[in-house]
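Every number for a ligand or one of its atoms is a count from 1 in the order of the listing.
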Amino acid sequence: MELRKDPITRSWVICGDEPEPAASAASFCPFCPESGLPLQIVATSPTVNGSPWSARAVVHPHPLYGIDGEPGRSGNGLYDTMRPVGAHEVLVENARHDRHLWNADDREIEEYLALCGQRIQDLKGDTRFKYISVFKNYGSMSGQEFDHPTSEIVATTFVPRRVLYELRAAREHYRIKERCVFCDILQQEQEQKLRMVEVRGEYMASCPYAPRVPYETWIAPRNHEAYFERTALRSGAMRDFAALLRRTLFRIRTIADGFHMVLHTSPNTVHRSETMGFWKTIEDDYHWHLEILPILGAKAKSYTFKEVYYSPVSSETAAAILRERPTE
Ligand SMILES: [Zn+2]
Ligand SMILES: [Zn+2]
Ligand SMILES: [Zn+2]
């Protein structure tokens, strides 16, 4: 495996010829507490419900990124390449095999979110890493890897493309208007209420104005905050977010077979990126949020590769339908 930079879009991809994974005949789950498999445990959250623990981070059993060494960036004519140096962990969301983010207790979800914050903060201490991604693939068409309720965390020596687009655009909006583009959007959505799904305490779930897939939903803090981990590590600050995440995923699961979920937070700003203006305004121009991209079985075609995204359901209709959906 190696990292290659697209010379046109300047985005990095991980690329290589991977042998077909041997069909694992294991009938037991490696992440259940009783599995007894020797996992490399990175962090564990205390129990809140009598289970042995509530959430934990373990090294991914087949990591795409290796923790040792330097990226050793090199060029070959037009092309740039580097070694896939990084961290790749599995975030086990719950000790119980059947407790998902849409049917667990809010306290358990809070512990999981605090663990996400803790791992992001910790991995940012490694100055080789420029970005820490947290994401989850759920459902047979999503690329889901494990049956147990899990998410993944990946620390990379580059900022992923989509985040980079957002960072550039947010900085530009701030340069012109001296306001955060996300705060501007949140304010308009709260006034218009057309695409709002639910407000809970400090957080809002809403369908973006220009969705990439039907029922795309974002959850963001209503007050400005650039760093997810800073919110997540503040005692009690995640309670409403946990409930809103649970209720939103429950709604979406009544409509979609699966989903991708990705957290967008500020990059590791110890890297004084010149092209990003040395992050001078990032505290004010970027705003963390969680993006949920549902995968609709029958309409999965709309999710496959497209030059221009097409959603056969408008954001306003999507939000109206989601608002009426059960939340537990
Ligand atoms: Zn399990
Ligand atoms: Zn903001
Ligand atoms: Zn985003």
Side-chain angles (χ1 to χ4, degrees), residues 11 24 26-37 39 41 51-58 61 90-101 103-104 108 112 120 131-136 138 144-151 159-190 202-213 216-228 230-231 259-267 279 281-293 309:
S11 54
S24 80
S27 54
F28 58 90
C29 169
F31 302 111
C32 277
E34 60 274 14
S35 88
L37 270 193
L39 294 165
I41 297 157
S51 292
W53 35 267
S54 41
R56 71 183 358 176
V58 303
V90 176
L91 297 170
V92 187
E93 294 157 5
N94 199 295
R96 279 179 52 182
H97 199 84
D98 59 352
R99 297 278 262 193
H100 292 273
L101 295 175
N103 64 10
E108 298 173 302
Y112 157 74
I120 292 172
Y131 195 77
I132 320 295
S133 306
V134 174
F135 59 94
K136 174 180 178 64
Y138 179 79
Q144 177 187 335
E145 268 186 281
F146 308 110
D147 283 341
H148 198 97
T150 49
S151 325
V159 180
R161 168 163 62 176
R162 169 91 192 156
V163 185
L164 202 54
Y165 289 166
E166 283 187 3
L167 289 166
R168 286 187 187 136
R171 192 179 57 129
E172 187 59 13
H173 183 92
Y174 188 85
R175 195 181 63 75
I176 297 164
K177 305 207 168 172
E178 290 187 26
R179 292 195 311 263
C180 160
V181 65
F182 297 91
C183 283
D184 280 2
I185 292 170
L186 287 159
Q187 189 174 348
Q188 181 162 341
E189 294 303 334
Q190 287 174 94
E202 287 299 298
Y203 303 93
M204 180 172 83
S206 62
C207 297
Y209 180 69
R212 286 164 289 172
V213 295
E216 177 173 350
T217 305
W218 291 24
I219 307 179
R222 294 157 68 204
N223 289 314
H224 186 78
E225 175 56 79
Y227 296 83
F228 167 81
R230 208 153 53 192
T231 311
F259 60 85
H260 301 287
M261 184 173 97
V262 59
L263 175 69
H264 283 166
T265 183
S266 291
W279 307 118
T281 61
I282 190 141
E283 276 284 345
D284 300 315
D285 73 34
Y286 198 62
H287 191 127
W288 75 261
H289 56 278
L290 184 85
E291 301 181 3
I292 304 164
L293 297 147
Y309 294 109

> Hey, what do you get for OH (Y174) to CG (D184), rounding to the nearest 0.5 Å?
Replying inline: 11.5 Å
>> Could you identify the N, O or S atom of H287 positioned closest to the Zn ion (ligand 2)?
In response: ND1
>> Please name the atom of H224, limited to N, O or S, that comes nearest to the Zn ion (ligand 2).
In response: ND1
> Between E108 and R96, does at least one N-O distance fall below 4.0 Å, as a salt bridge requires?
Replying inline: no
> Would you say E283 and S266 make side-chain contact, with heavy atoms under 4.5 Å?
Replying inline: no
>> Tell me the angle that NE2 of H289 and OE2 of E291 form around the Zn ion (ligand 3), rounded to 10°.
In response: 100°
> What angle, to the nearest 10°, do the atoms ND1 (H264) and OE1 (E166) form about the Zn ion (ligand 3)?
Replying inline: 90°
> Taking the N/O/S atoms of H148 one by one, which is nearest to the Zn ion (ligand 1)?
Replying inline: ND1
> Which heavy atom of Y112 sits nearest a heavy atom of L91, and at what distance?
Replying inline: CE1-CB, 4.2 Å
> What does the angle at the Zn ion (ligand 1) come to, between atom SG of C32 and atom ND1 of H97, rounded to 10°?
Replying inline: 100°
> Using the ring of each side chain (for Trp, its six-membered ring), is Y138 parallel, tilted or perpendicular to H100, with breaks at 30° and 60°?
Replying inline: perpendicular
